[in-house]
Amino acid sequence: MENAILSLEGSYSEVEEKSSSANKSSESVDGGKTWKQTPFYCSDGLGPSAGVDFLCSEDEVLYQDERELQDQTLLGYAAFDELKFDGLSPSTQNCQEEITKLGEIVQNGNLDSEYKKGKRSEDLHLASLELLRRFGNGFRHFESGRIVESTYDAPPYTAVESRGFSTEEIMGIAGAKFIQSASQSVDVSSMFDNPFDLSLAGLSHEDAKMVELSEFLLASAEKVSCEQFDSARRLLKHCEGCSSDVGNPVERVVYYFSEALRERIEIKSGRVTSKGLKKNQSVHIYDTMKTSKQSFDMDTAMMRPNPAILECQRLMPFCQISHFAGIQAIVENVAEAKRIHIIDLVIRNGAQWAILMQALASRFGCPLELLKITAIGTTSKHLIEDTGRWLKSFAQTMNIPFSFKIVMVSDLLDLKENLLEIDVEEKIAVYSSYLPRKLIAMPNRLDSMMKMIRNINPCIMVVTEVEANHNAPSFVHRFVDLLFYYSAYFDCLDACMERDDPNRMITESMYFGEGIRNSVASEGEERIIRSVKLDVWRAFFARFGMVETDLSSSSLYQAKLIVKKFNFASSFTLDVDGKSLLYGWKGTPLHSLSTWNFT
């Protein structure tokens with residue numbers, strides 16, 4: 001069975017292209033859908049029980065007034081480097097204690113008064129040289145120590161070296177410089193009067209310019225967090241003048257974050273609503289394109305394969321890793337089953353099920369009686385139907401006995417096991433690709449879905465997620481995490497795709513740009529794009545009796561083979577974290593793949 005899947009990797013693009021062709025007649029994507037939200041938050045360093053109890057209590061209102069949390073600023077963010085560079089600083093333990101204390105204060109609802117009693121910027125931990133040393137050592141963020149494929153070995157930095165820094169390294173150096181400047185009370189005027197200083201002398205001219213631009217972005221975010229909007233606008237004007245959505249990756253990151261900060265200012269100052277509707281017609285930043293972005297539903301768009309998505313998946317390995325390694329895990333758990341029932345919580349284009357069909361068609365000694373796929377949906381039924389028709393056609397070509405069922409519910413609270421038509425002779429597997437993070441803001445629906453899954457007791461549940469904490473209620477914490485995460489991703493895009501590739505520009509603008517915009521500019525119910533790390537999901541899943549299972553050596557081998565096929569393979573990083581797989585770029589985890597069953 002392993003050999004069957006290995007032989008499919010070369011045909012992956014062809015499978016997705018056929019899926020795209022089959023669905024090309026679909027209508028335009030639906031508009032965005034707004035949900036009532038309550039927070040699901042666990043900052044790095046919060047204990048599992050404290051975090052989960054706070055995140056997921058069903059019968060109480062969890063949402064604290066986020067205006068209280070805006071009191072925190074980048075200058076008061078003493079754990080700037082420790083939080084971002086987990087496990088590397090000697091003061092990490094102190095950082096975790098402070099974050100735990102913050103979590104307790106939030107839980108008790110006394111954040112504003114209690115936090116102000118503590119020390120703020122006077123306790124600022126300056127670690128510029130330490131940051132630079134970390135970059136020189138390869139900027140690894142993986143913590144488990146058990147590396148599957150760790151190939152990113154950045155040479156030590158020296159002042160005379162002319163090699164370029166990665167986008168994330170540039171941001172880190174800018175962060176260290178910003179903290180240092182802040183400790184010296186450098187004001188906005190000084191930043192404009194002294195654009196370069198001697199601490200950048202060891203960098204190339206281009207890198208020095210990018211560090212300076214990134215420092216202006218951080219200063220802008222600081223002013224926004226303090227609601228000093230006039231100063232923030234002045235800094236953002238400089239950022240917008242020096243950045244570009246067609247420039248190098250640093251310029252592109254600054255471009256999209258500047259847009260998001262600008263929108264946050266307009267929302268906070270009351271010039272526009274959080275949905276982007278103008279209150280003052282003199283506000284010109286919300287042109288037709290931006291309004292289109294704000295109504296753009298990423299999840300609906302992902303249900304239909306389009307050239308931009310397909311090209312990114314072809315040139316970067318992340319999607320293929322989750323598909324091949326995840327399907328390998330399912331194949332191993334249904335190896336002796338004659339009737340297999342797959343429950344796909346987010347079907348999208350269904351390319352991974354073509355991989356499963358080809359693997360099942362090649363197995364011997366256990367004839368398949370039926371492969372049934374049940375797709376769960378709350379909207380865009382016509383797109384799911386298109387996927388179902390394509391899968392049925394593909395199954396016929398493989399001579400696979402196949403059925404496809406759609407379960408549409410207007411609300412996930414209505415999703416019950418009786419709708420799935422479970423047969424006692426079936427072996428059930430659940431596949432979840434980036435679904436739980438969509439439900440973070442709706443803990444009652446997330447709990448309801450998990451209880452339903454527990455009741456059907458699948459032999460395996462495969463979960464693919466974003467490996468990042470983009471859910472902090474504090475704007476500053478969230479901004480820093482978002483900045484480093486997207487810096488790594490834009491750096492990867494720059495290595496894998498041409499800068500003028502229209503598919504890349506669409507992906508950056510409509511998908512990544514929208515993610516940045518929503519996470520930075522919006523709060524409360526309007527902030528629908530949220531992610532938490534694998535450790536938080538572990539604590540959450542444990543509440544339902546779920547047990548994390550080991551990814552087999554075959555699944556890990558699938559991931560390694562995928563990576564080796566790509567250009568810049570040495571910069572893609574795979575790491576086993578506990579029993580799960582993290583994969584990312586130059587040591588920064590971007591995604592996770594985990595498998596689970598029930599006790």
Side-chain angles (χ1 to χ4, degrees), residues 1-12 14-16 18-19 22 320 322-377 384-407 417-433 453 456-464 549 551-555 557-558 561 593 595-598:
M1 191 66 67
E2 175 186 339
N3 292 334
I5 293 185
L6 295 180
S7 66
L8 304 179
E9 294 176 1
S11 61
Y12 182 82
E14 180 181 353
V15 166
E16 291 211 321
K18 289 180 179 178
S19 171
Q320 295 187 38
S322 63
H323 282 180
F324 280 95
I327 295 304
Q328 177 69 43
I330 291 177
V331 167
E332 292 167 355
N333 278 268
V334 299
E336 299 179 358
K338 295 183 178 181
R339 301 178 70 85
I340 301 169
H341 189 171
I342 304 293
I343 298 171
D344 194 335
L345 301 179
V346 187
I347 187 69
R348 295 198 174 90
N349 64 23
Q352 69 273 22
W353 304 128
I355 300 171
L356 176 64
M357 290 181 198
Q358 291 180 324
L360 293 175
S362 66
R363 75 178 186 177
F364 300 98
C366 186
L368 182 67
E369 295 179 2
L370 179 65
L371 170 63
K372 178 175 21 174
I373 294 179
T374 298
I376 310 299
I384 302 176
E385 289 173 338
D386 288 343
T387 297
R389 283 190 287 270
W390 174 75
L391 287 174
K392 287 179 181 178
S393 176
F394 193 90
Q396 289 177 350
T397 65
M398 301 301 299
N399 198 28
I400 294 284
F402 179 75
S403 72
F404 185 83
K405 175 181 173 62
I406 302 174
V407 174
E417 53 266 30
N418 64 295
L419 299 176
L420 304 177
E421 299 180 1
I422 302 296
D423 188 321
V424 293
E425 297 181 357
E426 295 173 342
K427 203 75 174 283
I428 303 170
V430 175
Y431 190 84
S432 175
S433 178
I453 295 173
I456 64 176
N457 193 25
C459 66
I460 185 173
M461 179 172 175
V462 176
V463 179
T464 303
T549 61
L551 285 168
S552 70
S553 58
S554 296
S555 288
Y557 187 55
Q558 293 284 347
L561 286 180
L593 174 68
T595 54
W596 307 80
N597 58 25
F598 290 84

* To do: State, without any angle test, whether Trp353 and Asp344 hold a side-chain donor-acceptor pair at a distance under 3.5 Å.
  => yes
* Which residues share a salt bridge (Lys or Arg N to Asp or Glu O under 4.0 Å) with Lys427, sequence neighbours left out -> none
* **For Glu417, all residues meeting salt bridge (Lys or Arg N to Asp or Glu O under 4.0 Å), sequence neighbours excluded** => none
* Ile343 side chain reached by Ile456 side chain, heavy atoms, under 4.5 Å -> yes
* To do: Determine whether Met357 and Leu371 make a side-chain contact, defined as any pair of heavy atoms from C-beta on separated by less than 4.5 Å.
  => yes
* side chain to side chain donor-acceptor pair (under 3.5 Å) involving Asn333 - partner list, sequence neighbours excluded -> none
* Find out whether Leu360 and Ile340 are in side-chain contact, i.e. whether some heavy atom of one side chain is under 4.5 Å from a heavy atom of the other. => yes
* To do: Can you sort out the partners of Lys392 under salt bridge (Lys or Arg N to Asp or Glu O under 4.0 Å), two or more places apart, ordered by chain and number?
  => none
* **side chain to side chain donor-acceptor pair (under 3.5 Å) against Lys405, all qualifying residues, sequence neighbours excluded** => Glu421
* Set of residues satisfying side chain to side chain donor-acceptor pair (under 3.5 Å) with respect to Thr549, sequence neighbours excluded -> Thr595
* Asked: Excluding sequence neighbours, so at least two apart, what forms salt bridge (Lys or Arg N to Asp or Glu O under 4.0 Å) with Glu369?
  -> Arg339
* **Side chain to side chain, Lys372 and Ile342, heavy atoms closer than 4.5 Å** => no
Mind listing the side-chain donor-acceptor pairs of residues 393-402 below 3.5 Å, one per line with the distance, residues two or more places apart or on another chain?
| unit_1 | atom_1 | unit_2 | atom_2 | d |
| --- | --- | --- | --- | --- |
| Thr397 | OG1 | Phe394 | O | 2.5 |

* Structure fact -> Hits for side chain to side chain donor-acceptor pair (under 3.5 Å) against Thr374, two or more places apart or cross-chain, chain-then-number order -> His341
* Asked: Which atoms form the tightest heavy-atom contact between Cys459 and Val334, and what is the distance?
  -> SG-CG1, 4.1 Å
